Each structure stands twice: as structure tokens, then as C-alpha cells.
Amino acid sequence: QEREQAAELFSEYNRTLLLTPELDAGFGELARQRIERHPARYYLVLPALRIADMWFRPRTETLPIEGRWWEFEDVKESWFAIAYASLDIALVFLGCCGLFRFRNVSGWAALLGYIALRSAFLGTMENPEPRYTLECFPVIFVFAAGALSGGRDFRPVFHAKVRTEMLR
């Protein structure tokens, strides 16, 4: 019944190519019914999927690649986009490794809080774009560098330098 209702609304829109107040109200009522039936999907699952999409979608909008790369129209471009997304996933994974490795360093919680709050805020938006997470990537780079630092703990060196500077 819901599919028929949605198909009817879409066919009406396709006939006129106008979103009239009545048509908008019909879509609104359909959305209200779906939210009422599955509130967890609307308030938890969809925001989590939006956040994951923003973090792990390959940033191909500035590259000369087909915008709908996932449809494999051009196989080379699609595989390039998948490889690009894999690099993104690897970077975030390294960032998570570094995050847990250096959790005793001061400022760790503030950086994690920034990423968490920004992601949570973006998850509540109806039309977020992947570029909105770019401000978080310098933090991810720092944590990834910590993961790749070869086991060296920089905290004592940093604190010794700060103490030396403060004593001058």
C-alpha cells in the first residue's frame, strides 16, 4: 500500500514537474507514517548511515570521474573510486589505531570529542555532503601519524620541551 501511495505521488509529480502544496503534504504524510512505524530507523539507523557515507565515500567530486561511479558505467573509473575509498578507509583505520595508542596524551579527548560532535551534528542534517567531514581529517592525520610512529612515545619528549621553555 505504501509503495502504491509513493508511486502515485511520484507519478503526479512527473506529470506536472511541480511540487504543489497538496503533493508536498502527501509526501509529508507518507514520511510521518514511516517514522511512526519505525522511529529507531529514522532517528538512529539513518543518521548512522549518513555519517558512514560522509566518512567513507570517495571524494571524487573534484576529479574527472563519472558522478555515479558505483554503477560501473566506466569500469576503470569505478575501480579507481573504489581504490580511492579504500585509501580513505585505511586512513580512518590508522587514525583509530593511533587514537587508542595515544589515549594517555593530553588533548586526546578534546580531539576525539570534536570528531564525535561534528559527526553527530552532520548525522542530524537531512542533506549533508561528504566535504563537511574534511575539517576532521587533520585530526585523523595526527592520530594516523601516531599509529605509524614506530612505537615511540612522544609524550615525555613533549613535556620536557614544554618544561624547558617554561623555565626560560
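Computed from a predicted model, the values in this text were never measured in an experiment. FYI, side chains are in, hydrogens and waters are out, and symmetry mates aren't considered; it's all heavy atoms of this structure.
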- Query: Taking everything shown except E4 itself, do over 12 heavy atoms lie less than 6.0 Å from its CD?
  - Reply: no
- Between T124 and F121, is there a donor-acceptor pair closer than 3.5 Å when you use the side chain of the first and the backbone of the second? yes
- Task: Sequence neighbours left out, what passes side-chain contact (heavy atoms from CB on, under 4.5 Å) with D24? Give chain and number order.
- Result: L19
Sequence neighbours left out, cut at 3.5 Å: what donor-acceptor pairs do the side chains of residues 125-132 make with other protein atoms?
unit_1, atom_1, unit_2, atom_2, d
E129, OE1, R131, NE, 2.5
E129, OE1, R131, NH2, 3.3

- If two hydrophobic side chains count as joined below 4.5 Å and joins carry through other members, does V139 share a cluster with L134? yes
- Nearest 0.5 Å, what's the CZ-CH2 distance between F72 and W79? 5.0 Å
- Residue list, side-chain hydrogen bond (donor to acceptor under 3.5 Å, both in side chains) with E29, at least two apart or on another chain: R32, Q33
- Distance col, row I140:CD1 vs L111:CG, nearest 0.5 angstrom, shows 9.5 Å
- Item | Residue list, side-chain hydrogen bond (donor to acceptor under 3.5 Å, both in side chains) with R57, at least two apart or on another chain | D53
- Note on the structure: So salt bridge (Lys or Arg N to Asp or Glu O under 4.0 Å) across residues 11-20, not counting sequence neighbours, yields E12-R15
- Item | Partner set under salt bridge (Lys or Arg N to Asp or Glu O under 4.0 Å) for E8, not counting sequence neighbours | none
- Taking all atoms of both residues into account, what is the closest heavy-atom pair of G123 and P47, and its distance? O-CB, 3.4 Å
- Mind checking what makes side-chain contact (heavy atoms from CB on, under 4.5 Å) contact with I65, not counting sequence neighbours? T60, L63, W69, E77, F80
- Under the side-chain hydrogen bond (donor to acceptor under 3.5 Å, both in side chains) rule, collect the residues that match up with R103, sequence neighbours excluded. none
- Side-chain cluster (under 4.5 Å, hydrophobic types only) that L49 belongs to, other residues: V45
- Query: Distance from L9 atom CG to S11 atom OG, nearest 0.5 Å?
  - Reply: 7.5 Å
- Following the transitive rule for hydrophobic clusters with a side-chain heavy-atom cut-off under 4.5 Å over Ile, Leu, Val, Met, Phe, Trp and Tyr, establish whether L117 and L112 coincide in one cluster. no
- Distance-minimising heavy-atom pair for L122 and M54: CB-CE, 3.3 Å
- Item | Check: L30 and Q5 side chains under 4.5 Å, non-hydrogen atoms | yes
- Note on the structure: Contacts satisfying ring-ring contact (aromatic ring centres under 6.0 Å, His included) that involve residues 3-60 (not counting sequence neighbours) are F10-F27, W55-F137
- Task: Using the rule that two of Ile, Leu, Val, Met, Phe, Trp, Tyr join whenever any of their side-chain heavy atoms come within less than 4.5 Å, decide whether Y114 and V105 are in one cluster.
- Result: no
Only distances under 3.5 Å count here; give the side-chain donor-acceptor pairs of residues 83-96 to other protein atoms, sequence neighbours excluded, each with its distance to 0.1 Å.
unit_1, atom_1, unit_2, atom_2, d
S86, OG, I82, O, 2.9
D88, OD2, R59, NH1, 3.2

- How does the hydrophobic cluster around V142 look, that is, which other residues are in it when side-chain heavy atoms under 4.5 Å mark a link? none
- Message: For residues F102 and F143: do they belong to one hydrophobic cluster (side chain heavy atoms under 4.5 Å, members Ile, Leu, Val, Met, Phe, Trp, Tyr)?
- Response: no
